[in-house]
Number of protein chains: 2
Amino acid sequence: MASGAGADGTVGKALEVLDRVAAHGRPVRFSDLLAESAYPKATLYRLLQTLVHQGLLTQDDATGSYRPGLRLLRLAHAAWATASLAPIARPWLDTLAMETGETVHLAQLDQGQVLYVDKRNAARPVEMYSSAGKVGPAYCTGVGKAMLAFLPPAALPGVLARQSFHRFTPATLDSAEKLTAELAEIRTRGHAFDREEHEPGIICCAVPILTRGGRVIGALSVTSTTARSTLETLAAGAGRLREVAAQIAAAAEDWQFPEAG
Amino acid sequence: MASGAGADGTVGKALEVLDRVAAHGRPVRFSDLLAESAYPKATLYRLLQTLVHQGLLTQDDATGSYRPGLRLLRLAHAAWATASLAPIARPWLDTLAMETGETVHLAQLDQGQVLYVDKRNAARPVEMYSSAGKVGPAYCTGVGKAMLAFLPPAALPGVLARQSFHRFTPATLDSAEKLTAELAEIRTRGHAFDREEHEPGIICCAVPILTRGGRVIGALSVTSTTARSTLETLAAGAGRLREVAAQIAAAAEDWQFPEAG
DNA sequence: GTCCGAAGTTCCATTATTTGAAACTAATTC
DNA sequence: GAATTAGTTTCAAATAATGGAACTTCGGAC
């Protein structure tokens, strides 16, 4: 037993259960969890009890089913404010959204996946948590590829191994080989495109956010639709995007910054 | 050992440490945590290791200090989407913000505190996580008082005991007695005011979101400033606010809803 | 360069917690 | 109303957590 995030101790087991509940996206019954979880009934039962008691899970009074608890929101707020690029990058995202009139995303790498930490949508007013905290595939999004391209070579294989290479659209890069080739291009070009690889009709241009030392700490993207724009138009804004990324990186370095994985 | 959220097992201890790190709002060093945490060095050390390994904490490579980890964002997103009123209430918040031109808040009660789960700011375009996941005092905010007023009588003492009654402004209700009296008024009136009790110059009108059975599941508020509006003006919109709250409650009940605490 | 102290990490016998098969109870179904 | 399923409790055995103390690092001070 050693693949991935091995379950260390009771805490690890409890979090595995928590993840499983979260993954369902709707209230789950005890027996559903029992069926998939490999823990004996009593053990799972007590893990769930603990999680509920701690507020990480909420239990419906009526049905007894479980769902993620609100305590997670409080903790996440702290994480967002302290450990993400979002608070630092905020003014620049506002500016970019204004300038481009398009949707702007700020993302970081977490466990080999893209984690969106902020978003601006110039057209529609808001859209909150719906975006921050959302995760997406790294191999078929602009921000994902931009970050992978600038990962230290040693870290790449591990991350590649975690990609599913599911084919969302005909344009999706569906193998580690194709992706690796694309990453090399991105490295020389300096920015990544999403050519409708994740969603039909959705295109984007993304740049990595790099520290002076060249370490990737996030990515920035401007997204549009094929109906409204073209890759060429988006590419024209890449210089400005890189400029903003550099400014965010500079601001972040003053305030210190952690490792992505 | 029995008051509040007693630490059950290792999971409880780990979460206590996590909370402590989150509470700091900036990277914390091991020794700082050691000083405040009552656990012996080795124990605290291993708890932190576990949390880092699980991605709930991030450790700076350079300084070794700890901060909340990004994994929390992913989990919180699930909580927000599955267990909060926000996804259900979204369209109504948009409408309200449009109609009033003021800031609209959606909150729920969590551990005796107000937890903001969504927000609309008609004037300024955005402001993301900065608001969702944020917690605030229940005794001196409109949404807080609106929820407390409609709590089942049996639940009130426990919640009152958790209020700090810190005096933010001259108008803050600074005792359980004053608050209890105000709650009775709110109950008959049907809506709560914030008369600059939390921040000078900030006023609001809030209503509870109640199930058919009369259970509080959240609160809704329209906030303004003394410069721009008056309590009377806000009160004039209370009817509409109640109407929207009822619609949200109806929508929520179809989709089922958990307990607040 | 060496010494000192503070901060962080590892060890290991002791101790407390977790484990899980099975027995039990409550709620559905037939 | 008996049978089946879903959820909860029990308790001795197994496992993991504990924490005092020893150890290693690191960053000055001399």
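Fair warning: this is a prediction, and the values are worked out from it, not measured in the lab. So that the names make sense, note that chain A is the first sequence line, chain B the second, and so on, each numbered from 1.
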| message | Between B:Thr43 and D:dG19, is there a contact of a side-chain N or O with OP1 or OP2 at under 4.0 Å? | response |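 Yes, within the criterion.
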| request: Kindly write out the residues that satisfy salt bridge (Lys or Arg N to Asp or Glu O under 4.0 Å) with A:Arg20, not counting sequence neighbours, or none if the list is empty. | output: A:Glu16, A:Glu36
| task | Taking salt bridge (Lys or Arg N to Asp or Glu O under 4.0 Å) as the test, write out the residues that go with B:Glu243, two or more places apart. | result | B:Arg240
Nucleotide [N], atom [atom2] - distance to [atom1] of [X] in whole Å:
X       : N      : atom1 : atom2 : answer
A:Leu34 : D:dT5  : CG    : C1'   : 12 Å
B:Leu44 : D:dA17 : CG    : P     : 15 Å
B:Leu33 : C:dA6  : CG    : P     : 19 Å
A:Tyr39 : C:dA21 : OH    : C1'   : 18 Å

| message | For residues 149-160 of chain B, which residue pairs pass the salt bridge (charged side-chain N to carboxylate O under 4.0 Å, His left out) check, not counting sequence neighbours? | response |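 Applying salt bridge (charged side-chain N to carboxylate O under 4.0 Å, His left out) to every pair that reaches into residues 149-160 of chain B, excluding sequence neighbours, yields nothing.
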| field | Selection residues 136-158 of chain B - residue pairs positive for salt bridge (charged side-chain N to carboxylate O under 4.0 Å, His left out), sequence neighbours left out | value |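 As it turns out, the salt bridge (charged side-chain N to carboxylate O under 4.0 Å, His left out) pairs with a partner in residues 136-158 of chain B, which skip direct neighbours, are B:Lys145-B:Glu182, B:Lys145-B:Glu197.
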Produce the list of close N/O pairs, under 3.5 Å, pairing protein atoms with atoms of nucleotides 7-14 of chain D; give distances to one decimal.
residue, atom, partner, partner atom, Å
D:dG7, OP2, A:Ser31, N, 3.1
D:dG7, OP2, A:Ser31, OG, 3.3
D:dG7, N7, A:Lys41, NZ, 3.3
D:dG7, O6, A:Lys41, NZ, 2.9
D:dT8, O5', A:Tyr45, OH, 3.1
D:dT9, OP2, A:Tyr45, OH, 3.3

| message | Can a side-chain donor-acceptor contact be found between B:Gln113 and B:Arg162 if the only test is distance below 3.5 angstrom? | response | no
| remark: A:Ser65 meets the side chain to side chain donor-acceptor pair (under 3.5 Å) criterion, sequence neighbours left out, with A:Thr63
